[in-house]
Amino acid sequence: MHTALMVLLAIDSIFLIATVLLQPGSSDGLSGSIAGGAEQLFGKKKSSAYEVLLKRCTVIGAIAFIVLALIIVTLY
């Protein structure tokens, strides 16, 4: 049981690393940090379905990682 949980945790951590690395960067510099709020407010900067999917996968992977880590710690 312990080995299976550790393998699942390893697979989940690789999945989590991949989803974080595949996300596009948001480095607009100083001008992006000042005007970024206005662009987001008026809808000029819309995210694509790919970015939304990656964000959801990242959240799901992070939650699974935390749950698996807590299960491993409490059981062993």
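- Among Thr58, Val59, Val52, Leu54, the single residue meeting the side-chain contact (heavy atoms from CB on, under 4.5 Å) criterion with Arg56 is Val52.
- Distance check, rounded to the nearest 0.5 Å: CG of Leu16 to CG of Leu21 gives 9.5 Å.
- Atom CD1 of Ile63 sits about 12.0 Å away from atom CG of Leu68, to the nearest 0.5 Å.
- Listed by first and then second residue, the side-chain hydrogen bond (donor to acceptor under 3.5 Å, both in side chains) pairs involving residues 2-17 amount to none (not counting sequence neighbours).
- Under a hydrophobic-cluster definition in which Ile, Leu, Val, Met, Phe, Trp and Tyr are linked whenever side-chain heavy atoms come within less than 4.5 Å, directly or via other members, Ile66 and Leu9 are assigned to different clusters.
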TODO: Tell me, with the steps shown, if Leu5 and Leu75 meet side chain to side chain contact (heavy atoms under 4.5 Å, CB included).
DONE: CA-CA 10 Å; Leu5 288 174; Leu75 290 179; 4.0 Å; yes

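- For the atom pair CD1 of Ile71 and OH of Tyr76, the computed distance is 10.5 Å after rounding to the nearest 0.5 Å.
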